[in-house]
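Please read the structure below before turning to the comments.
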Amino acid sequence: MCQYANMFTETIIEWYKENKRDLPWRDSSDPYLIWISEVILQQTRVVQGYDYFLRFIGRFPDVSTLADAEEDEVMKYWQGLGYYSRARNLHAAAKSMNGVFPKTYPEVLALKGVGEYTAAAICSFAYNMPYAVVDGNVYRVLSRYFGIETPIDSTAGKKLFTELANEMLDKKQPALYNQGIMDFGAIQCTPQSPDCLFCPLSVGCSALSKGLVTVLPVKQHKTKSTNRYFNYIYVRAGAHTFINKRTDNDIWKNLFELPLIETSSSLPEEEFLALPEFQTLFAPGEQPVVRPVCREVKHILSHRVIYANFYEVILPEGTASFGKFQKIKAEELERYAVSRLVHAFIEKYIDLK
DNA sequence: GTCCAGGAAA
DNA sequence: TTTCCTGGAC
């Protein structure tokens, strides 16, 4: 009698034993470490998240350490990873645990920032519970092997693929199977140019026999993006500069930035300098020296295109201008978590000494 | 330059 | 359904 539910499941597990990636969060059954790694890997590739994981757990090795930290420091450790709500939710969830990581699926699912995928990953990897993971890799592998053309971002698709994933799951060794199918998707059944020639599942693969490999998985949405126009002001007032913390429900929430004026279109320098929003930043009678540093820097997010202009403003030490912003020593700018856009500007154009 | 991969929440 | 980001492939 066959040891596994079916050939698909058996092949995935055998393939995994030969080809598994050696990663620092693998072979650990510490739910905290698995949680951190899974949240970092949400919407993030292993190569990009690897170093972040090591630094993060080096500083926050357990639930209590993370819960006791300041959110600004957590954000700083997340700087550059993107989707910053993940860091805010991670911190909030740690605070909610009272030092103990939850031990049941419903409790894990209830954590902020933990959805069905992450809950299944934590419970199967840490506790060996029989919950099938359904991530982008799983959608791809299943849709191709079984030739399913239902869009993966439809309600029907989510239900169908979740059911199929749980059917294929090896209930006796869910951790092995779950990690197997995700690595299989990441290494063998890749989005572009998958290695069908040497694929152990090529014989039964529906997409391969029907020529649908490049078509599957099917997605129905295409995200439309809108333009935004940001004008950043780097102030130099002696040894000091000014920053702002983004607290609104908008992109880069709870990150810091240089003083910013958003406009509805890209303004030429003269028009920008004449804006009341710009003029009122200055104390009466102040005569600032303004210099455009770089213009029309294009920064692309999934659903936004930001065109950024950067201006340098020289003011005397102790100026009364920019009173509504946080005044810091320019050399301490690197202590604050900022977006890639702002960080790239600081790196390239600013001498912090 | 364009396209695309990768989950959660509201 | 839309809103959150970044980086790598081409």
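Ring-centre distance between A:Phe278 and A:Tyr311: not below the 6.0 Å cut-off. For A:Tyr139 and A:Phe161, the ring centers are positioned less than 6.0 Å apart.
By the 4.5 Å heavy-atom criterion applied to side chains, A:Val114 and A:Val108 are counted as neighbours. In this structure, A:Leu164 and A:Ile148 have side chains that are in contact, with non-hydrogen atoms separated by less than 4.5 Å.
Residue A:Gln43 is classed as a base contact, given a heavy-atom separation below 4.0 Å to a base. Across all strands, A:Val114 comes closer than 4.0 Å only to sugar-phosphate atoms, never to a base (heavy-atom distances). Heavy atoms of A:His299 sit under 4.0 angstrom from primed sugar atoms or phosphate atoms, though from no base atom. Contacts of A:Tyr117 with the nucleic acid, taken as non-hydrogen atoms under 4.0 Å apart, involve only primed sugar atoms and P, OP1 or OP2.
Ring geometry, A:Phe282 versus A:Phe322: the interplanar angle exceeds 60°, so the pair is classed perpendicular (tilted spans 30 to 60°).
Residue A:Tyr229 is tested with A:Thr263, A:Ile306, A:Ile261, A:Val305 for a side chain to side chain contact (heavy atoms under 4.5 Å, CB included); the sole match is A:Thr263.
Atom-to-atom, CG of A:Asn254 to C1' of C:dC5 comes out at 15 Å; the value is rounded to the nearest Å. Nucleotide B:dG6 holds its P atom 13 Å from the CG atom of A:Asp183, rounded to whole Å. One interatomic measurement links the two molecules: CD of A:Gln192 to P of C:dC10, which rounds to 8 Å at whole-angstrom precision. One interatomic measurement links the two molecules: CZ of A:Arg45 to C1' of C:dC5, which rounds to 12 Å at whole-angstrom precision.
Each of A:Lys158 and A:Val338 has a nearest nucleotide on DNA chain C; the 5'-most of these lies closest to A:Lys158. Nearer to the 5' terminus of DNA chain C, by closest-nucleotide assignment, is the contact made by A:Lys253 (compared with the other of A:Val47 and A:Lys253).
Under the 3.5 Å distance criterion, with hydrogens and angles disregarded, no donor-acceptor pair is assigned to the side chains of A:Gln42 and A:Tyr117.
Here A:Arg86 does not reach the OP1 or OP2 of B:dG7: none of its side-chain N or O atoms lies under 4.0 Å away. Side-chain N/O atoms of A:Trp252 include one lying less than 4.0 angstrom from OP1 or OP2 on C:dT6.
Listed by residue number, the members of residues 124-139 of chain A with any heavy atom below 4.0 angstrom from DNA chain B are A:Asp135, A:Gly136, A:Asn137.
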